[in-house]
Asker: 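Below is a structure I'd like to ask you about.
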There are 2 protein chains.
Amino acid sequence: MDRPVTSEAPAITTDIVLFTLRADALQVLLIRRRNEPFKGMWALPGGFIEPDEPLEDGAARELEEEAGISGVYLEQLCTFGRPDRDPRRRVISVAYYALAPADGLTPRAASDAEATGWFPANDLPPLAFDHDEMVNTARERLAAKLGYSTIAVQFLPERFSLGDLQVVYETILNRPLDKRNFRKRMLAIGLIEATRDERRNGNHRPARLYTARNPGEVEIIK
Amino acid sequence: MDRPVTSEAPAITTDIVLFTLRADALQVLLIRRRNEPFKGMWALPGGFIEPDEPLEDGAARELEEEAGISGVYLEQLCTFGRPDRDPRRRVISVAYYALAPADGLTPRAASDAEATGWFPANDLPPLAFDHDEMVNTARERLAAKLGYSTIAVQFLPERFSLGDLQVVYETILNRPLDKRNFRKRMLAIGLIEATRDERRNGNHRPARLYTARNPGEVEIIK
DNA sequence: GCAAAAGTGTTCCAGATACACCCATGT
DNA sequence: ACATGGGTGTATCTGGAACACTTTTGC
């Protein structure tokens, strides 16, 4: 087990599947690759880990460097290591997924990214490497986690209405939910609390605003 | 051991948390390290990945090389990459967990392992590296997965009684279950089927034997 | 006949589901 | 006044939990 030949050692990258909700659809952040391999193709943001950097820090750094996005919820997804997944050499990638609120985060291209863009998860362009697999795995994890954790609020700004929250669930689960049952359950769980504020939107009754009891935390429920 | 930190690329290892049920307790396979670092200490089986080897194959190979065990259920757990988790240099480890039926698997020490042994998961010796963290993560995953998958049969031989299966659940969940409810649920799920055979054990009624409908497969239920 | 594990049904409760109308606002 | 999304309660269904006795065997 000791002493691997150094030149044989695989390289390590992180790749990040950053989801958001825009235009009532689940969207994924992609970058257009400035360099080979797969130059000009769309790919997930990501890159090589630095020598003394924790993995999650590396993922956060790549997201910041390539897309100018920081401060989002980030969780390790799975590690992809097929020997031929990178045409250059053996590269093992620790995939993360991240969730961003819909508003306020405007990606800007930089570093290895020639451009950035949000793409509907249901209609992605061809992706570099095995990034389509990563997106699929991340979508499954996200949908599963909606059911047993408080992850949904990570898609919303600090204050939100129950209608907003219901849209998150409906979009990710891709089916309509009953409004009364949804509200009953959400309030019963007790992880969000009403503020004294309302939001006046359009020609209709204002919506009561809620906040997460533990913003930033994703708890397992039931 | 006094290897200077020269190489920039982190090294990749896999480590395996192999569980079994013995003496009505959840047990973990450990090896005693033959080499530095942590020489003489107990650790999980594992080691460096080979240049063209898929990650899961590497985990299976290490299990075979160090403990002589093969053919068990193996699933990726999580990747551990704290920069200081290996005192020699940066090493990132992709942890797997594995489940072995109670009978028939006798580990033999070889390779980097000076000895092997089963240890109760509730009473482990001090472990090398961050292997205690890996064991804890694996235990949580295993307990969670009992609830929503058919993973439990991986602990049993091809044919088993409903009593055997119940012991698996009770041991991992660490609480007694109601026999009638347990049987009702297991049979309702429909992932095991009765054979025409019984097992005569002691001074009591013989137990009907069952088999998994899809042995080797772990399905998500409900 | 007795010890020991296998096998078997019903009642009860809690949480999920189905479902329709009034409320507050802007135009 | 009307259009728009916000907000509310009840009846029903279903799956999980609680619970005790008979069966078959070896000694």
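Values below: all heavy atoms of this structure, side chains included; hydrogens, waters and symmetry mates excluded.
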Asker: Tell me every residue that passes salt bridge (charged side-chain N to carboxylate O under 4.0 Å, His left out) with E133(B), counting only those two or more places apart in sequence or in another chain.
Answerer: R82(B)
Asker: Residues two or more places apart in sequence or in another chain: which of them pass salt bridge (charged side-chain N to carboxylate O under 4.0 Å, His left out) with E198(A)?
Answerer: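 If we apply the salt bridge (charged side-chain N to carboxylate O under 4.0 Å, His left out) test to E198(A), skipping adjacent residues, the hits are R208(A).
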Asker: Rounded off to whole Å, could you give me the CZ-to-P distance for the R185(A) and dA18(C) pair?
Answerer: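 Roughly 12 Å, once rounded to whole Å.
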Asker: List, one per line, each side-chain donor-acceptor pair under 3.5 Å for residues 144-157 of chain A, sequence neighbours excluded.
Answerer:
residue, atom, partner, partner atom, Å
K145(A), NZ, E75(A), OE1, 3.1
K145(A), NZ, E75(A), OE2, 2.9
S149(A), OG, K145(A), O, 2.8
S149(A), OG, I151(A), N, 3.2
T150(A), OG1, E219(A), N, 2.9

Asker: Do T195(A) and T211(A) have a side chain donor and acceptor closer than 3.5 Å?
Answerer: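 Their side chains do not contain a donor-acceptor pair, so the 3.5 Å distance test is not met.
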Asker: Check each residue of residues 143-162 of chain A for a non-hydrogen atom within less than 4.0 Å of any atom in DNA chain C, then write out the ones that pass by number, or none.
Answerer: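 When residues 143-162 of chain A is checked for heavy atoms under 4.0 Å from DNA chain C, there are no hits whatsoever.
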Asker: Run the ring pair (Phe, Tyr, Trp, His ring centres under 6.0 Å) test against F129(A) and tell me which residues pass, sequence neighbours left out.
Answerer: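 For F129(A) the ring pair (Phe, Tyr, Trp, His ring centres under 6.0 Å) partners, ignoring immediate neighbours, are F38(A), H131(A).
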Asker: Whole Å only: how far is the CZ atom of R175(B) from the C1' atom of dA18(D)?
Answerer: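 So the two atoms are 14 Å apart, to the nearest Å.
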Asker: Who passes ring pair (Phe, Tyr, Trp, His ring centres under 6.0 Å) against W42(B), sequence neighbours left out?
Answerer: F119(B)
Asker: Quick one: salt bridge (charged side-chain N to carboxylate O under 4.0 Å, His left out) pairs with a partner in residues 152-167 of chain B, sequence neighbours left out?
Answerer: R159(B)-D197(B), D164(B)-R199(B)
Asker: Output the rounded distance in Å from CD1 (I189(A)) to P (dA16(C)).
Answerer: 8 Å
Asker: Rounded to the nearest Å, what distance is computed from the CD atom of residue Q166(B) to the P atom of nucleotide dA5(C)?
Answerer: 13 Å
Asker: Send over the distance from M186(B) CE to dA6(C) C1', rounded to a whole Å.
Answerer: 17 Å
Asker: Rounding to 10°, can you tell me the angle the first-five-pair axis of the helix from dG1(C)-dC27(D) to dT27(C)-dA1(D) makes with its last-five-pair axis?
Answerer: 0°
Asker: Tell me which of E198(A) and L209(B) sits closer to the 5' end of DNA chain C, going by the nucleotide each one is nearest to.
Answerer: L209(B)
Asker: For D178(A), give me all partners under salt bridge (charged side-chain N to carboxylate O under 4.0 Å, His left out), at least two apart in sequence or on another chain.
Answerer: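 With neighbours one apart ignored, the set is empty.
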Asker: Choose from dA6(C), dG26(C), dT25(D) the nucleotide whose nearest atom is closest to any side-chain atom of N203(A).
Answerer: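 Looking only at side-chain atoms, N203(A) lies closest to dG26(C).
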Asker: Applying ring pair (Phe, Tyr, Trp, His ring centres under 6.0 Å), name anything that partners F182(B), two or more places apart in sequence or on another chain.
Answerer: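 Expected list: Y169(B).
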Asker: What integer distance in Å separates R199(B):CZ from dA4(C):P?
Answerer: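 Rounding to the nearest Å, CZ of R199(B) and P of dA4(C) are 18 Å apart.
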Asker: Could you go step by step and tell me if N122(A) and R139(A) meet the side chain to side chain donor-acceptor pair (under 3.5 Å) rule?
Answerer: CA-CA 10 Å; N122(A) 285 324; R139(A) 286 190 72 174; 3.1 Å; yes
Asker: Check nucleotides 8-10 of chain C for protein N or O atoms closer than 3.5 Å to its own N or O atoms and list the pairs.
Answerer:
residue, atom, partner, partner atom, Å
dT10(C), O4, K184(B), NZ, 2.8

Asker: Starting at CZ of R208(B) and ending at C1' of dT24(D), how long is that distance when rounded to a whole Å?
Answerer: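 Atom-to-atom, R208(B) to dT24(D), this comes out as 13 Å.
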Asker: Taking salt bridge (charged side-chain N to carboxylate O under 4.0 Å, His left out) as the test, write out the residues that go with R61(A), two or more places apart.
Answerer: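 With neighbours one apart ignored, the set is E53(A), E65(A).
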Asker: Could you state the NZ-P distance from K222(A) to dG15(C), rounded to the nearest angstrom?
Answerer: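 It is 9 Å, rounded to the nearest whole Å.
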